[in-house]
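To keep things clear, I will list the structure first and then write my remarks on it.
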Number of protein chains: 2
Amino acid sequence: MNYEMIFKALGEYTRIKIIKLLAYKAMYVCELESVLNMSQPRISQHLKILKHANLVRDEKEGQRSVYSLNKELIHDVFSQFTGFLDMPLESLSGFEQEYERIQRLNNDPEVICCKNSGDK
Amino acid sequence: MNYEMIFKALGEYTRIKIIKLLAYKAMYVCELESVLNMSQPRISQHLKILKHANLVRDEKEGQRSVYSLNKELIHDVFSQFTGFLDMPLESLSGFEQEYERIQRLNNDPEVICCKNSGDK
DNA sequence: TAATAATATTATTATACAATTATATACCAA
DNA sequence: TTGGTATATAATTGTATAATAATATTATTA
């Protein structure tokens with residue numbers, strides 16, 4: 001689960017509006033266009049970003065595309081990120097070096113940083 | 001609750017690392033600096049963004065600052081955003097025009113968009 | 001098959017963001 | 001009160017992102 005990509009996709013006003021509308025109901029691009037009163041390329045490009053983050057799905061219907069919200073992913077990313085924060089550091093891939101450096105800090109705070117009185 | 005600001009703050013790799021470390025324990029800037037092995041201004045600037053989003057708090061301790069994670073906000077933003085998605089459109093401030101345009105679409109699909117056969 | 005509709009993609013431009021370097025501020029200790 | 005430590009801010013540069021305008025692609029229909 002790529003938190004950075006998903007939160008980045010969520011962190012933009014136009015995309016939040018699109019997500020909210022798709023939460024209401026699945027829509028064609030042209031419907032989003034009229035409802036949001038925004039240009040078609042603008043909508044399409046934001047939909048592309050949301051799709052890459054797996055936040056929406058699309059289905060071809062002739063010449064149209066119906067976009068729908070992937071609510072499960074939103075639920076999952078929230079619960080998994082909460083779990084990620086609660087997980088012990090030493091068991092997290094991607095934090096090996098950080099965990100090592102924290103251990104070194106715990107053992108010998110003077111050497112690494114905060115030269116004066118290493119205890120808070 | 002400013003979803004855009006909060007999700008944007010969450011959507012960056014360095015900040016995710018900082019958040020994870022602060023979830024482990026509150027830390028000084030200089031500790032984050034050594035643990036993440038990143039420059040001090042880089043850390044400080046990301047902390048500033050996180051603080052503006054209310055994701056972290058800081059407390060002065062002499063010349064140092066202890067930063068700690070605001071876990072409640074993370075929990076709140078997740079649950080409130082889920083609620084936001086489930087909320088009926090008509091009761092949402094900021095979606096008045098969109099709601100109106102959707103109603104118009106429902107009444108007369110031909111006029112607004114998707115010229116050919118307005119039903120999916 | 002020509003014309004149009006719906007969507008996607010590309011090019012361009014302007015703005016936002018991240019990282020670095022340099023500097024400033026505040027606190028502490030000798 | 002001088003020197004050093006911890007943090008913050010400012011200036012700069014490079015990259016990423018968003019919006020628009022223009023074009024391409026695909027499906028539909030006349």
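The chains referred to below are lettered A, B, ... by the order of the sequence lines, with proteins before strands, and numbering in each begins at 1.
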Distance in angstrom units between [X] [atom1] and [N] [atom2], rounded:
| X | N | atom1 | atom2 | value |
| --- | --- | --- | --- | --- |
| Glu33(B) | dT7(D) | CD | C1' | 9 Å |
| Leu36(B) | dT7(D) | CG | C1' | 16 Å |
| Lys60(A) | dT26(D) | NZ | C1' | 7 Å |
| Arg64(A) | dT28(D) | CZ | P | 10 Å |
| Tyr13(A) | dA16(C) | OH | C1' | 19 Å |
| Ile43(A) | dT9(C) | CD1 | P | 15 Å |
| Leu47(B) | dA8(D) | CG | C1' | 11 Å |
| Asp58(B) | dC27(C) | CG | P | 14 Å |

Q | Lys17(B) bridged to Glu98(A) by N-O distance under 4.0 Å | A |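 Salt bridge between Lys17(B) and Glu98(A), a charged N being under 4.0 Å from a carboxylate O: yes.
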(Q) Tell me whether Asp76(A) is salt-bridged to Lys71(A), with the criterion being a basic N under 4.0 Å from an acidic carboxylate O. (A)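 No.
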Q) Between Tyr28(A) and Glu61(A), is any side-chain donor less than 3.5 angstrom from a side-chain acceptor? A)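 There is such a pair between these side chains.
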Q: Verify whether one side chain among Arg42(A) and Thr14(A) offers a donor that lies under 3.5 Å from an acceptor in the other.
A: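 Checked: Arg42(A)/Thr14(A) side chains pair up, N/O donor to acceptor below 3.5 Å.
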Q) Should the pair Lys20(A) and Phe84(B) be classed as cation-pi, given the thresholds of under 6.0 Å to the six-membered ring centre and 45° from the axis? A)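 So Lys20(A) does make the cation-pi contact.
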Q: For atom CD of Gln97(A), decide whether the heavy atoms of other residues, nucleotides or ligands shown that lie under 6.0 angstrom number more than 12.
A: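 Check fails, neighbour count at 12 or below.
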Q) What is the pairing partner of dT7(D), taking Watson-Crick or G-U wobble pairs with both distances under 3.5 Å in any strand? A)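 Its partner is dA24(C) (Watson-Crick or G-U wobble, both distances under 3.5 Å).
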Q.
Ignoring hydrogens and geometry beyond distance, is the side chain of Gln63(A) in donor-acceptor contact with the base of dT26(D) at under 3.5 Å?
A.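 No, the side chain and the base share no sub-3.5 Å donor-acceptor pair.
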Could you run down the sub-3.5 Å N/O contacts of the protein with nucleotides 16-23 of chain D?
{"from": "dA18(D)", "atom 1": "OP1", "to": "Arg15(A)", "atom 2": "NH1", "distance (Å)": "3.2"}
{"from": "dA18(D)", "atom 1": "OP1", "to": "Arg15(A)", "atom 2": "NH2", "distance (Å)": "3.0"}
{"from": "dA18(D)", "atom 1": "OP2", "to": "Arg15(A)", "atom 2": "NH1", "distance (Å)": "3.4"}
{"from": "dA19(D)", "atom 1": "OP1", "to": "Arg42(A)", "atom 2": "NH2", "distance (Å)": "2.9"}
{"from": "dA19(D)", "atom 1": "OP2", "to": "His46(A)", "atom 2": "NE2", "distance (Å)": "2.5"}
{"from": "dT20(D)", "atom 1": "O4", "to": "Gln45(A)", "atom 2": "NE2", "distance (Å)": "3.2"}

Q) Side-chain N or O of Ser44(B) less than 4.0 angstrom from OP1 or OP2 on dA8(D)? A)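 The answer is yes; a side-chain N or O of Ser44(B) sits under 4.0 Å from OP1 or OP2.
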(Q) Does dA8(C) have OP1 or OP2 under 4.0 Å away from a side-chain N or O of Tyr67(A)? (A)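 Affirmative; the distance criterion is met.
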**Q.** Contact nearer the 5' end of DNA chain D, comparing Gly62(A) with Lys48(B)
**A.**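 Closest to the 5' end, via its nearest nucleotide, is Lys48(B).
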Q) Taking the six-membered ring for Trp, are Phe78(A) and Phe7(A) parallel (under 30°), tilted (30 to 60°) or perpendicular (over 60°)? A)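 Judged by the thresholds at 30° and 60°, the geometry between Phe78(A) and Phe7(A) is parallel.
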